[in-house]
Amino acid sequence: MMFRRLRGLFSTDLSIDLGTANTLIYARGQGIVLNEPSVVAIRYDAGRGGKRTIAVGTEAKLMIGRTPKKITAIRPLKEGVIADFHITAEMLKNFINKVHESKIFRPSPRVLVCVPCGSTQVERRAIKESAAGAGARDVYLIDEPMAAAIGAGLPVEEPSGSMVLDIGGGTSEVAIISLNGIVYSNSVRIGGDRFDDAIVSYVRRNYGTMIGPATAERIKIDIGAAYPGTEMRQIEVKGRNLAEGIPRSFTLNSNEILEALQEPLAGIVAAVKVALEETPPELGADVAERGIVLTGGGALLRDIEKLVQEETALPVVVAEDPMTCVARGGGKALEMMEERGLDLFLTGEHTY
Amino acid sequence: MSPNNSYPDSEPNLPGQILSQSRQAKGWKESDVAQKLHLNVAIIQALENDQYETIPSQVFVNGYIRNYANLLGLDMAQIPSIPKLATPHVIHPHTQTKSSSNINQEIGSNHILIRIINWLIVLVLISSVVLWWQGQFGWDNFNNHITYDSAIAPIEDYPESVPTISDPSTTPSVPIPGTLPSEPDKTGPSNNSSPSHPITDSILAPALAIAMPSTTKSSSENQQSKPSNNTIKTNLPSTNHQNSQTANNQTDKPNHSVVLKFLDACWVNIKDSKGTKLTRTMKKGQKHILTGALPYKLLFGNSKAVKITINNKPFDIQKYSRGGIAKFTLDASILNQ
């Protein structure tokens with residue numbers, strides 16, 4: 001314990017957005033220092049003590065779908081929560097070591113981890129213990145929408161309602177915040193991964209061709225749209241034709257992807273509508289006047305703000321650099337916590 | 001601001017002016033834009049007048065301008081950067097504490113000064129640990145010599161430089177490291193020299209006893225070291241000691257020098273003819289002299305790490321080594337070779 005504190009003197013406080021798709025780390029006083037996919041490549045080697053981590057992050061993501069039998073590229077988080085505890089701890093340890101320059105002392109930072117507001121106590125505890133297992137000295141948890149709101153620069157301290165919609169890789173969170181607290185929050189397990197799955201199913205159904213999740217993600221980023229636009233985009237992709245069994249090339253356009261994404265997008269819009277229904281009228285009026293702020297990687301989907309705007313008839317804006325909002329907000333929350341000596345933003349699960 | 005409000009012909013340098021001009025070019029009213037963007041007309045006017053104080057946060061200002069520009073079909077690159085908003089206009093109790101605590105925040109745990117002080121503290125701690133360790137190390141060295149049980153006397157820790165002592169030609173005097181080759185000539189059979197080293201004194205006590213009987217031999221034998229390295233039994237009758245018990249003990253003491261030197265960690269199991277055993281793991285750099293009764297049964301777990309010297313001559317252990325483990329018996333015939 002004493003050594004941990006000593007090592008802590010040489011460690012920087014970190015805010016970690018442990019996302020299903022990407023993990024971002026914000027170091028206090030330095031900004032975003034790491035933004036890598038939440039992927040770990042494991043080699044199974046019976047002769048050398050079983051599992052061994054061979055790559056983490058971007059390097060591991062390149063291996064997805066391209067691995068031999070002995071190697072598996074794993075995404076240890078599913079739908080915003082930990083699916084594989086040990087591999088998550090291993091990945092976090094690797095990332096924490098990566099962001100610390102000092103190699104003399106093993107880092108032992110204070111860590112604030114952002115968790116989905118819909119996660120259970122068991123899931124929160126798993127995240128907390130995973131971070132502790134990765135070498136963190138103290139672990140604090142914060143609700144993702146709260147961190148997203150702080151990161152986006154919403155006036156969370158004011159006695160007025162701010163609505164934030166954070167669309168992540170595994171979950172979408174919607175919350176109404178006022179006076180440093182969450183008044184209402186809702187989490188749906190729909191995110192970027194579901195968009196990819198929807199594209200894969202659409203292509204299989206309509207083209208009789210199988211594409212991988214990496215290709216689906218590329219299609220989403222390049223031509224994906226959430227609202228019909230004037231401009232039509234096209235992309236040529238290759239996949240395995242199910243009838244012939246050989247790779248074939250074909251062209252997809254943005255309207256097809258829009259059609260493919262209808263179901264998951266409807267789920268997100270429904271969650272926003274439910275949140276507006278549940279919002280107290282005074283706060284609802286504030287939201288109606290100012291609008292909804294979109295954060296998370298999902299907010300980068302083309303015209304998604306238009307979709308939410310048209311569906312809710314409220315102004316909708318996308319935050320600056322939406323992908324990093326949660327991590328930046330966590331970092332700001334750490335600073336605010338230290339300034340005031342209060343854990344204003346932390347969830348109720350920070351002690352156990 | 002009215003739609004008819006005109007701007008100078010100079011290049012507009014604020015986003016509001018560009019938005020307003022584009023809107024007027026399209027013939028739209030402010031209320032049309034407000035309806036399409038689901039915003040109040042007051043907010044549209046504030047945006048066009050570049051008066052952002054009424055808008056609660058920077059994120060909304062940026063977002064509204066981006067949405068407005070998209071609606072007008074403008075590229076965001078054409079819009080000048082939006083000036084930063086002043087601090088929030090709502091006075092909150094927390095904001096006061098924030099400003100006062102900024103000083104504390106500046107000198108946090110990440111501050112260079114704090115880091116330098118931390119490093120200095122750690123250096124002081126490390127140096128004090130090193131000093132303490134050096135003190136401990138001295139003790140360890142000393143203790144190494146006296147850790148053995150007297151019942152397991154045949155094997156003793158011994159400094160490397162201490163040479164063979166049991167040659168019949170040598171005197172009872174304690175050999176000083178490095179002086180051995182000249183000793184037989186200098187001292188001869190006389191017993192007038194005394195142990196000179198306090199630590200080696202205790203270690204060499206059994207060896208002195210061995211050397212004693214052999215001094216009764218003729219001086220002619222002194223020149224022949226090897227023939228006198230007979231087995232213990234052959235020496236036994238020649239001894240003429242008063243105390244038979246002592247004599248027996250003396251016969252058990254060897255008239256040879258077997259020095260073990262460990263180049264690396266090695267597990268050993270050594271047994272002499274009396275059944276006295278030594279079983280332990282030797283550390284790198286340790287040296288031992290076997291002083292038990294012949295023959296010795298030796299077993300080394302890591303034969304490559306062991307260097308044996310018999311009567312100052314290197315002994316090849318590798319011929320007994322199988323898979324790194326060496327097991328063999330050292331008897332008089334080998335010792336006399």
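Numbered from 1 within each chain, the chains take letters A, B, ... in sequence-line order.
- Using a 4.5 Å cut-off between heavy atoms, E305(A) contacts chain B through its side chain alone, with no backbone atom that close.
- Contact annotation for residues 34-42 of chain B against chain A (heavy-atom separation below 4.5 Å, listed by residue number): K36(B), L37(B), H38(B), L39(B), N40(B).
- Of all heavy-atom pairs between V316(A) and N67(B), the closest is O-ND2, 2.7 Å.
- Atom NZ of K319(B) has more than 12 heavy atoms from other residues, nucleotides or ligands within 6.0 Å.
- When the shell of 6.0 Å around CD of E282(A) is examined, it contains 12 or fewer heavy atoms from other residues, nucleotides or ligands.
- Judged purely by atom type and a 3.5 angstrom limit, S57(B) uses its side chain to pair as donor or acceptor with the backbone of G153(A).
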Could you give the side-chain donor-acceptor pairs of residues 290-301 of chain A under 3.5 Å, partners two or more places apart or in another chain?
from, atom 1, to, atom 2, distance (Å)
R290(A), NH1, S160(A), OG, 3.1
R290(A), NH2, S160(A), OG, 2.9
T295(A), OG1, D166(A), OD1, 2.9

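- Of the atoms belonging to L314(A), it is backbone heavy atoms, and not side-chain ones, that fall under 4.5 Å from chain B.
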